[in-house]
Amino acid sequence: MVKFTVTKKDPVTSARTGKLETKHGVFETPVFMPVGTNATVKGLWQEQLKELGARIILGNAFHLYLKPGLEVIRSFGGLHSFMNWNNSILTDSGGFQVFSLKDKKVLDEGVLFKSPIDGSKIMMTPELSMEIQMTLGSDIAMAFDECVAPELDRTYAQESVERTTRWAEKCLAYHDRSQALFGIVQGAFYKDLREKSAREITAMDFDGFAVGGLSVGEPFEVTRDILEFTTKLLPEDKPRYLMGIGTPDMIIMAVENGIDMFDCVLPTRMGRHGTALTWSGKINLKAARHKFSKEPIDPECNCKVCRSYSKGYIYHLFSRDELLGKMMLSYHNVHFLLDFTDRLRNAIREERFLEFKELCTRKQLIK
Ligand SMILES: CNc1nc2cc3c(cc2[nH]1)N=C(N)NC3
């Protein structure tokens with residue numbers, strides 16, 4: 001179970017702060033959740049995540065079911081002890097991952113696909129997704145949903161919303177509620193389908209609600225328009241989670257519309273490719289202009305990397321494709337987003353949300 005309370009509402013926008021309690025601790029929202037797909041946030045040790053202040057991370061039912069598999073996870077007594085992480089974990093249901101596979105068959109009882117690991121045939125059903133997440137023992141599990149490519153026609157999008165609703169009912173029927181269970185609202189970019197999905201999903205007894213199917217390459221204005229419309233249809237007293245976002249402009253837009261939780265692979269993925277998030281925008285540490293730089297990545301950042309290492313040194317590490325460069329940027333980027341979210345939360349608490357948004361615009365952190 002999770003206990004969620006709204007602690008402060010912004011007087012002008014739908015932004016709010018809250019407190020979310022799981023059996024692995026209490027943390028404040030809005031909260032950024034680093035993604036740890038294969039039981040690791042790539043490039044960081046659990047101790048580093050802790051020192052950065054990460055209070056909840058993501059795991060993934062699909063990936064962990066394929067490897068190491070339920071037998072291993074069960075023998076360790078669940079994901080927390082397997083990876084020695086005793087803060088909170090939210091596990092995604094596999095909905096998004098399965099739909100990213102090219103050769104799959106969507107049936108009413110679930111999705112038939114070939115394991116990308118050994119080619120074996122697997123039928124991922126709502127029940128199996130629940131079984132996996134209960135075995136993982138995460139604090140928050142996600143319903144098994146169908147994520148459709150936005151360009152699919154409206155007819156298919158409607159069928160998909162109906163399937164997601166039926167699968168949500170099956171998840172609730174099967175789940176033993178030993179962990180919190182969140183529903184996911186779909187509907188692509190059709191407001192009437194978003195309304196239908198939100199009405200059907202929020203009528204069910206979920207502990208929180210996610211908005212799925214956004215930030216999949218659509219223009220920022222489309223994301224904002226659909227998000228603003230959909231979030232207003234979600235209950236105020238339960239956590240609202242926008243899946244898969246994590247750049248400053250998306251975070252500000254999501255929180256302004258009343259979102260409490262968000263996750264993204266970007267900080268570590270960008271880190272591995274040499275891009276650093278800073279308070280004056282992104283910089284590419286593979287660019288030769290940094291070769292002689294004695295400066296930190298970001299003079300406004302107080303993370304361990306910025307306190308001890310220069311851009312010239314990190315440029316060198318990337319020029320030799322050294323592991324340490326990737327690890328340092330991953331560390332810095334996760335710190336940046338956690339720190340950004342902390343400052344955003346404080347701004348809401350002190351009724352300075354729009355001022356903070358204005359500051360981010362001036363710094364060209366957001367459009
Ligand atoms: C852009 N990234 C992203 N969008 C998502 C959307 C979803 C998701 C994960 C995502 N990650 N997981 C689901 N179970 N459904 C919707």
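Since the model is a prediction, treat every value here as computed from it, not as a measurement. Counting starts at 1 for both ligands and their atoms, in listed order.
Between S215 and ligand 1, a contact under 3.5 Å exists for no N or O pair.
When heavy-atom distances to ligand 1 are checked against a 4.0 Å cut-off, Q186 comes that close only through its side chain, counted from C-beta outward.
Within a 6.0 Å sphere centred on CG of N346, other residues, nucleotides and ligands contribute more than 12 heavy atoms. Within a 6.0 Å radius of OH in Y309, no more than 12 heavy atoms belonging to other residues, nucleotides or ligands are found. Heavy atoms from other residues, nucleotides or ligands lying under 6.0 Å from NZ of K304 number 12 at most.
Using a 4.0 Å cut-off to heavy atoms of S93, the atoms of ligand 1 that qualify are 14 (N). Within ligand 1, the atoms closer than 4.0 Å to a non-hydrogen atom of I184 are 13 (C), 14 (N), 15 (N), numbered from 1 in the order shown. Here is the list of ligand 1 atoms found below 4.0 Å of a heavy atom in C147: 15 (N), 16 (C).
Protein heavy atom in closest approach to atom 8 (C) of ligand 1: F96 CB, 3.3 Å. Protein heavy atom nearest atom 12 (N) of ligand 1, with residue, atom name and distance: D92 OD2, 2.7 Å. Protein heavy atom nearest atom 16 (C) of ligand 1, with residue, atom name and distance: D145 OD2, 3.5 Å.
One finds no salt bridge joining K191 and E195 here, because no Lys/Arg side-chain nitrogen approaches an Asp/Glu carboxylate oxygen to under 4.0 Å.
Here the shortest heavy-atom pairing between D108 and K170 reads O-NZ, 4.0 Å.
In this structure, V216 does not count as a contact residue of ligand 1, since none of its heavy atoms falls inside 4.0 Å of the ligand. Ligand 1 has no atom lying under 4.0 Å from any heavy atom of Q97.
The residue among S100, G244, A143 with a heavy atom at the shortest distance from atom 3 (C) of ligand 1 is G244.
If you check the side chains of T7 and T17, you find a donor sitting under 3.5 Å from an acceptor.
Between E28 and the options R349, K19, R55, a side-chain hydrogen bond (donor to acceptor under 3.5 Å, both in side chains) holds for only R349.
Aromatic rings of F340 and F356 (six-membered ring for Trp) have centroids within the 6.0 Å cut-off, being under it.
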